[in-house]
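To start, the structure under review is shown below, and the notes come after it.
Numbers for residues simply follow the sequence, beginning at 1. Every value quoted in this text rests on a predicted model; they were computed, and no experiment measured them. All ligand and atom numbering here is 1-based and tracks the order in the structure.
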Amino acid sequence: MRKNIVAGNWKMNLSENEAIQLAKEVAEIKVSNAEVIIFPPAIFIPTISKLGLDIKIGAQNFYPKSNGAFTGEISINQLKEAGISYVIVGHSERRTILKEDNEFLKEKVNAALELGIHVIFCCGEELAIREKGTENEFVKNQLVESIFHLNADQLKNVTIAYEPIWAIGTGLTASKEQAEGMHLFIRETFASQYSQELANGISILYGGSCNPTNAKELFACPNVDGGLIGGAALKSADFSSIASSF
Ligand code: 13P
């Protein structure tokens with residue numbers, strides 16, 4: 001059976017003290033039917049990791065080379081040493097603001113998996129694409145170009161996060177029909193590319209203005225296996241309520 005996951009993407013927020021406090025509070029969230037992961041800003045990862053809390057830690061980003069002349073970048077090796085076991089690849093903010101394309105994301109996916117770091121791979125369309133009705137083809141292409149070169153064994157270390165760009169940080173959430181429709185499409189795409197058994201085992205998270213009010217209805221969808229949470233992950237009470245929504 002696939003895993004339920006609730007992941008908090010803290011983005012570029014919080015001071016060090018606030019991050020430590022939030023990590024401690026999140027570590028107190030005990031849910032038996034979901035994995036809880038936090039993605040703090042990279043600079044706070046070593047400090048949070050050394051607290052030894054009962055919580056999985058991930059990195060929001062890394063550069064896909066092990067070392068070298070890449071001023072300002074952090075390698076996945078360095079982040080692994082700092083204590084991460086997950087990484088986000090393909091977040092729309094990195095695709096749009098930092099211009100990361102499918103080919104570069106494929107390199108990042110490979111680099112992370114090579115070191116045994118679990119990849120949360122984000123996909124999702126912008127509003128204009130949904131209005132045109134071509135969101136399925138668009139998302140499929142993101143998977144084809146960055147993920148579908150992997151073999152079935154490698155995919156055991158990959159989780160998909162569907163994050164429609166028009167729902168991120170906007171207060172607009174995909175309806176349960178829109179979320180379930182896309183998640184089912186993604187699962188069917190994995191089934192036809194690989195096998196139904198593999199597709200059934202892949203966790204597909206929803207991201208985009210997920211909050212304590214809408215989490216229950218989204219997580220109740222048969223193909224939604226949890227959430228990648230932005231704004232609502234910055235308050236432990238909200239995050240806790242979302243994590244308890246299965
Ligand atoms: P919000 O929950 O703030 O919309 O952000 C979603 C997201 O981008 C998580 O990665």
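When only non-hydrogen protein atoms are considered, atom 5 (O) of ligand 1 lies nearest to Lys11 NZ, 3.3 Å. Counting only heavy atoms of the protein, atom 2 (O) of ligand 1 lies nearest to Gly230 N, 2.9 Å.
A heavy-atom separation below 4.0 Å is found between Ser209 and ligand 1.
For Asn9, every heavy-atom contact with ligand 1 shorter than 4.0 Å involves the side chain, none the backbone.
No side-chain donor from either of Gln178 and Tyr206 sits under 3.5 Å from a side-chain acceptor of the other.
Proximity of the aromatic rings of Phe148 and Tyr194 is defined here by a centroid distance below 6.0 angstrom, and this criterion is met.
Annotation: side chain of Ile229 is not in contact with side chain of Asn211 (no heavy-atom distance under 4.5 Å).
Taking the ring centre of Phe62 as origin, the terminal cationic atom of Lys108 falls inside the region bounded by 6.0 Å and 45° from the ring axis.
Listed by first and then second residue, the salt bridge (Lys or Arg N to Asp or Glu O under 4.0 Å) pairs that reach into residues 111-123 come to none, sequence neighbours excluded.
Taking a cut-off of under 4.0 Å to the non-hydrogen atoms of Gly208, the atoms of ligand 1 that pass are 4 (O), 6 (C). Near Gly169, with a cut-off below 4.0 Å to any heavy atom, the atoms of ligand 1 are 1 (P), 3 (O), 4 (O). If you number the atoms of ligand 1 from 1 as listed, the ones under 4.0 Å from a heavy atom of Glu163 come out as 6 (C), 7 (C), 8 (O), 9 (C), 10 (O). Here is the list of ligand 1 atoms found below 4.0 Å of a heavy atom in Ala167: 4 (O). Taking every heavy atom of Gly231 and a limit of under 4.0 angstrom, the matching atoms of ligand 1 come to 1 (P), 2 (O), 3 (O).
Backbone and side-chain nitrogen or oxygen atoms of Thr170 are examined, and none is located within less than 3.5 angstrom of a nitrogen or oxygen of ligand 1.
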Review item, side-chain donor-acceptor pairs of residues 43-55, under 3.5 Å, at least two apart:
| from | atom 1 | to | atom 2 | distance (Å) |
| --- | --- | --- | --- | --- |
| Thr47 | OG1 | Glu16 | OE2 | 3.2 |
| Ser49 | OG | Ala82 | O | 2.9 |
| Asp54 | OD2 | Lys30 | NZ | 3.3 |

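Within 6.0 Å of NZ on Lys11 lie more than 12 heavy atoms contributed by other residues, nucleotides or ligands.
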